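Just so you know, these numbers use all the heavy atoms, side chains as well, and skip hydrogens, waters and symmetry mates. Residue numbers start from 1 in every chain, and the chains themselves are labelled A, B, ... in the order their sequence lines are given, proteins ahead of strands. Remember, predicted model here, so these are calculated numbers, not experimental data.
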Amino acid sequence: MLARSIAFLYRFLMEQWFDVTKRIEASALAAAQQAGLDTEVFTADVRPADPRFGDMQVNGALPYAKRHKTNPREIAQKLVAALESDEAVAAVAEISIAGPGFINFRFKPEFFLNWLKAFSSEEAFRKSASRLYANERVVVDYGSPNTAKQMHVGHIRSIVIGEAICRLLEYCGAEVTRDNHIGDWGTPYGKLFYAYNRHLDEKALKDDPLGELERLYKLGSNLAAEDETVLEECRQELVQLQAGEAESMALWKRVNELSIQGLKEVYDQLDVTYDHYLGESFYRDRVEAVYQELKDCGLSEESKGALVVFHPEHKRYAEQPFIIRKSDGASNYATTDLATMLYRHEHFRATRIIIVTDDRQKDHFEQLDLTTSKWFEKTGRNRPIFDHVMFGKINGDDGKPIKSRSGDPIRLKALINEAVDRAYTIVKKKNPNFPEDELRNIAQTVGVSSIKYADLSTNRTSDYVFSWEKLLAFDGNTASYQLYAATRIQSIFRKVDPSDLENLELKATVFETNEEIALARKIIEFVGAIQVTIETLRPHMLSTYLYELSGVFSTFISADKVIVDDPGKKARRLILCQRTLLALKAGLSLLGIKTLERM
RNA sequence: GCACUGUUAGCUCAAUUGGAUAGAGCACCUGACUACGAAUCAGGAGGUUGGGGGUUCGAUUCCCUCACAGUGUACCA
């Protein structure tokens, strides 16, 4: 009871400091006003500082002085004078000026301890973040494979990055719809059906539906390339499908069901669940409306027999058309994407639409965005914010897109299985006495996490080089390193006497060692790390933070023993352990990674 | 041709979008388990940020130019 009211008190006192960056920014702006600076121009520019100089820094004096052609150091001095008269700030931090006019804040150890006392639960951590995107309805379109084909390594990025973005948005209060815009309609079906009707291996279809469908498609494709008459029969198959001929539709439906079932097996392993699989076929009856509306708006025009949209104000898209109907009268990618934008606006009432694909589609989505904004504006619709979250390629050692030894792309399913197998070998070797079930479970988590983390730890816009070694590495900036740190913490909680965990906040004495302070400081940076990640939609920002947190924790745990005689010291170190675990678990789960009790 | 990316330690990657002495891991070299888990930690060495110019208090980041690589550029998705 007492402990609870104490916690409440701390929470009340520290509320304004949850987001340290924002709090300092507010003070800096107030100080600027007090110091008589032009607040229209002044921006605080608050960021974490190099620990050698302080905990946070305000850099705003420099650009301000530049603009006003005055001495930055003088500006900084005025700001500091005003900041020091702000009691709330002066009470928690030492303020100093360095170099040309950097203002450094070094927090007192009491401040760190109070912060950690105040924010002691997952819910408390989530609190500030959950306001960022409240009232937003976001449709995230990611994964998006073609049906009747196996997913290969190339698909991993969209799935993993997209899922992390979904989780981050949800954490920040948004209502998220996960939509898998599968490629389930179009020309490949003619060739697939041709082969299916003549060369189907029933047993193979039962054992490995996607593998067999893929084999049939390739077979059809090869046969059609060799023989004109086969090609013609493929076309006929397609015509029948597009005409909605019953037998053809039944087969299409069956292929689709098998495909989605096969895809879901992989998604299950990756812990990804979609709300919808609204593929291209879903929009096939909605494209007429798009043609009509764009014509009525005067946006589209006929060019070389096709219906296209030009954007005269754009240096490139004034000449390079956005083709919305091919000269043979058929729809294409652009058409269904426009129909999709409309549907997401009308049906999901999306305030924001995020599409996660590789960067080769950059032009397409720029044109889509331009076209949609004009179209929606002319028809009086609110335009959702649109983000094309793009990513680079996965290359082999030779700098070319990765292929397996046989020359085919590496299958995603095989990749996951191999990762889990390799993890099993290691886990078994480290822990020969763990029960078999647990070993399997740990291997599954470690293997899958390693794959995901490999993608989430690098900047999504760059290409990266694939290697089994790197993907399944268990040291350095990897999932395993962080999972290990988490298990170390939990191991301590298994060792500690339960009575030691009571009323930690009351018993804890103030931090003393460098390692304690460094860890406390790092935990508090969690808030900022989440914000930077969500603003830039770059999950590697969070990965980097979590890796650093794990590293600082490892340093702490090696230097400072937790279970010691001194009850105050023990309590404060247990608080550090608890909050580290909290931040690690929360952060990793946002990346789609589960933590383990032991490994 | 034009446009968009990119080029950072031997290798694989960072650098909070213009901030302080460019950081990690791997590999290499030294140390630390009778220890709350060594899947760890402490330390060393390794850099003209592709080349050259420019902008300014300050540049991996912005501008110009050259080189190299990748991608896109009218009916594939």
**Study point:** Validation row: A/L581, A/T595 side chains within 4.5 angstrom (heavy atoms)
**Key:** no
Point to revise | Heavy-atom side-chain proximity of A/S480 to A/S450 below 4.5 angstrom | key: yes
Check your understanding: With A/H181, which of A/Y277, A/Y283, A/Y343 fulfils ring pair (Phe, Tyr, Trp, His ring centres under 6.0 Å)?
Key -> A/Y283
Check your understanding: So which pairs with a foot in residues 304-326 of chain A pass ring-ring contact (aromatic ring centres under 6.0 Å, His included), sequence neighbours left out?
Key -> A/H314-A/Y317, A/F322-A/H364
Study note, to complete from the structure: For residues 473-497 of chain A, the ring-ring contact (aromatic ring centres under 6.0 Å, His included) pairs (sequence neighbours left out) are A/Y481-A/Y547
Give [X] one of three labels, base, sugar-phosphate or nothing, depending on what nucleic acid heavy atoms sit under 4.0 Å from its own.
X      : result
A/S491 : base
A/F493 : nothing
A/D358 : nothing
A/Y464 : sugar-phosphate
A/Q57  : base
A/T536 : base
A/K315 : sugar-phosphate
A/P72  : nothing

According to salt bridge (charged side-chain N to carboxylate O under 4.0 Å, His left out), who are the partners of [X], at least two apart in sequence or on a separate chain?
X      : result
A/E302 : A/R325
A/K522 : A/E525, A/E548
A/K569 : none

For the [atom1] atoms, the ones on [N] and on [M], what distance do you get once it is rounded to whole angstrom?
N      : M      : atom1 : answer
B/rU16 : B/rA38 : C1'   : 33 Å
B/rG23 : B/rG43 : P     : 15 Å
B/rU21 : B/rG25 : P     : 22 Å
B/rG31 : B/rC36 : P     : 24 Å

Exercise for review: Check RNA chain B for consecutive Watson-Crick or G-U pairs with both distances under 3.5 Å and list the runs of at least three as stems.
Suggested key: B:1-7 with B:67-73, B:10-13 with B:23-26, B:28-32 with B:40-44, B:50-54 with B:62-66
Point to revise | Contact under 4.0 Å: A/K495 side-chain N or O vs B/rG37 OP1/OP2 | key: yes
Review point. Under 4.0 Å between a side-chain N or O of A/R47 and OP1 or OP2 of B/rU17?
Key: yes
Exercise for review: Kindly indicate whether the side chain of A/N104 and the base of B/rA20 share any N or O donor-acceptor pair separated by less than 3.5 Å?
Suggested key: yes
For nucleotides 45-47 of chain B, print each protein N/O atom paired with a nucleotide N/O atom at under 3.5 Å, atom names and distance only.
none

Point to revise | pi-stack flag for A/F102 and B/rG19, centroid dist under 5.5 Å, interplanar under 30° | key: no
Can you tabulate the close N/O pairs, meaning under 3.5 Å, that link protein atoms to atoms of nucleotides 38-41 of chain B?
unit_1, atom_1, unit_2, atom_2, d
B/rA38, OP2, A/R488, NH1, 3.2
B/rA38, OP2, A/R488, NH2, 3.2
B/rC41, OP1, A/Y481, OH, 2.4
B/rC41, O4', A/S558, OG, 3.4

Check your understanding: On the ring face of A/F553, is A/R488 found with NZ or CZ under 6.0 Å from the centre and within 45° of the axis?
Key -> no
Report, one pair per line, the protein and nucleotides 71-74 of chain B atoms (nitrogen or oxygen only) whose separation is under 3.5 Å.
unit_1, atom_1, unit_2, atom_2, d
B/rG72, O2', A/D363, OD2, 3.0
B/rA74, N6, A/S303, OG, 3.2
B/rA74, N1, A/S303, OG, 2.7

Study note, to complete from the structure: Per side chain to side chain donor-acceptor pair (under 3.5 Å), A/Y464 is matched among A/N459, A/N395, A/D455 by A/D455
Non-neighbouring partners of [X] that pass side-chain hydrogen bond (donor to acceptor under 3.5 Å, both in side chains), sequence neighbours left out:
X      : value
A/R106 : none
A/Q57  : A/N59
A/R573 : A/E516

Practice item. Begin from the C-alpha positions of A/Q531 and A/D19 and carry the test side chain to side chain donor-acceptor pair (under 3.5 Å) through to its verdict. Key: CA-CA 10 Å; A/Q531 284 175 356; A/D19 185 342; 2.9 Å; yes
Point to revise | Where the chi angle of B/rU73 falls, syn if within 90° of 0 and anti if not | key: anti
Practice item. Report the relative orientation of the aromatic rings in A/Y64 and A/F42; use parallel for angles under 30°, tilted for 30 to 60°, perpendicular for over 60°. Key: perpendicular
